[in-house]
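Encoded as structure tokens, the structure appears first; notes follow it.
We count ligands from 1, going down the list as the structure has it; atoms in each ligand are counted the same way. None of the values given here were measured: they were computed from a predicted structure.
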Amino acid sequence: MFFGSDNQTGASDKVLANIATANNGHTHGYGDDDWTKRAHRLINETFECDARVFFVASGTAANSLALSCLVRPWETILSHHEAHVIIDESTAPEFFTGGARQISITNTAGKIDAKHLQRFLNQAGTDVPHNAKPAAVTLAQVNELGLVYQPDDLSRLKEVSQQHKLSIHMDGARFANAVSATQISPAKLTWQSGIDVLSLGATKCGCLAAEAVVFFDHALAEDFEHRRKRSGHLLSKGRLLASQFIAWLEDDHWLKLAAHANSQATRLAGALEKNPEIRLAWPCEANEIFAIMPKHTEQRLKKSGAEFYRWYSHGLPAHESLNDTEVLVRLVTSFNTQAEEVNEFIEVAAPR
Ligand SMILES: Cc1ncc(COP(=O)(O)O)c(C=O)c1O
């Protein structure tokens, strides 16, 4: 029963087979090859635009390199206080941006919204050069509490961002799950709603290690290839990354994988909601569940071999409402979650 992360499984068979195919023969290195061109084309078709696309092998590299194109060292990056970039990427964004400051905006609603952003920006210091200058907003889609930003949420954030000349970056580590959950087009969930650059994560949803930084605004991409090379993230056998994206995007494979993950999460969340000892901290909108359960249930699940993490949503209502006998846990399903694992989890979690 693996519910710790969607990283706990491997890659889909189709993706692996395409890596093996790309492995045959010879091509030029460093992304100067037909596989890479085809993968770029496919991403542009998927997003119905003409974006500049760059591949890297980890989400942290994708996010940090993308952000380094949006802010200068004396500027700030704004995010939700639970954001992966601020909590789980060490100081990589600071390192890659040359020291730009990350600032978290607390929002008890779970997502950054335009009102909070506006309030923060109204109060942000404007004493130049003494105060650091806000220059970018970053948000995750699906976000770190399993919530999905709707196009209206994004458009409102864009309106405020534009007034203050901020760019918007989307951490799409679970973008496939968001598209599948909303049935809204990738274009509408990104550039048509004001996103300037996307880290399109494929690793969690069926690839081995493949992330694309997708610049909808070409001007922002100007220095990206220098930054990627300088940081050691330009892979010489670029076709091995490209072949993953090709298999992933062709025939909507990515959306089928995400739909499976989401449907297992919906089923699990539905059953846990019926359990009188368990309540959900946030609605399950994609493939993550945040459940408040008794410590004894957590222990029983762990003893039965279930993998999952305790979660600490500090400052958020879910965490504040815990009593001493309860814990908040995060459960994540993947493209490879088996129906039997979900059944077993539900069964072991049932009150005794
Ligand atoms: C929201 C979010 N962003 C990005 C990442 C990617 O991080 P990594 O550098 O581990 O690939 C993750 C992985 O856990 C994530 O949950």
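Ring-centre distance between Phe55 and His40: below the 6.0 Å cut-off.
Cation-pi contact between Lys302 and Phe308: present, with separation from the ring centre below 6.0 Å and deviation from the ring axis of at most 45°.
No single ILVMFWY cluster, assembled from side-chain heavy atoms under 4.5 Å apart, contains both Leu157 and Ile77.
Listed for the Ser231 side chain is a donor-acceptor partner under 3.5 Å among the backbone atoms of Arg227.
Looking at atom 14 (O) of ligand 1, its nearest protein heavy atom turns out to be Lys204 NZ, 2.6 Å. Taking atom 3 (N) of ligand 1 as the reference point, the nearest protein heavy-atom neighbour is Asp171 OD2, 2.6 Å. Among all non-hydrogen protein atoms, the one lying nearest atom 10 (O) of ligand 1 is Thr60 OG1, 4.5 Å. Counting protein heavy atoms only, atom 5 (C) of ligand 1 is closest to His84 CE1, 3.3 Å.
The shortest N/O to N/O separation between Arg174 and ligand 1 falls below 3.5 Å. Geometrically, ligand 1 and Glu89 share no nitrogen or oxygen pair separated by less than 3.5 Å.
A side-chain donor-acceptor contact under 3.5 Å links Thr138 and His169. With no hydrogens or angles considered, no side-chain donor-acceptor pair links Thr27 and Asp33 at under 3.5 Å.
Scanning Gly172, Gly201, Ala92, Gly59 for the heavy atom closest to atom 11 (O) of ligand 1 points to Gly59.
Taking every heavy atom of Glu144 and a limit of under 4.0 angstrom, the matching atoms of ligand 1 come to 1 (C).
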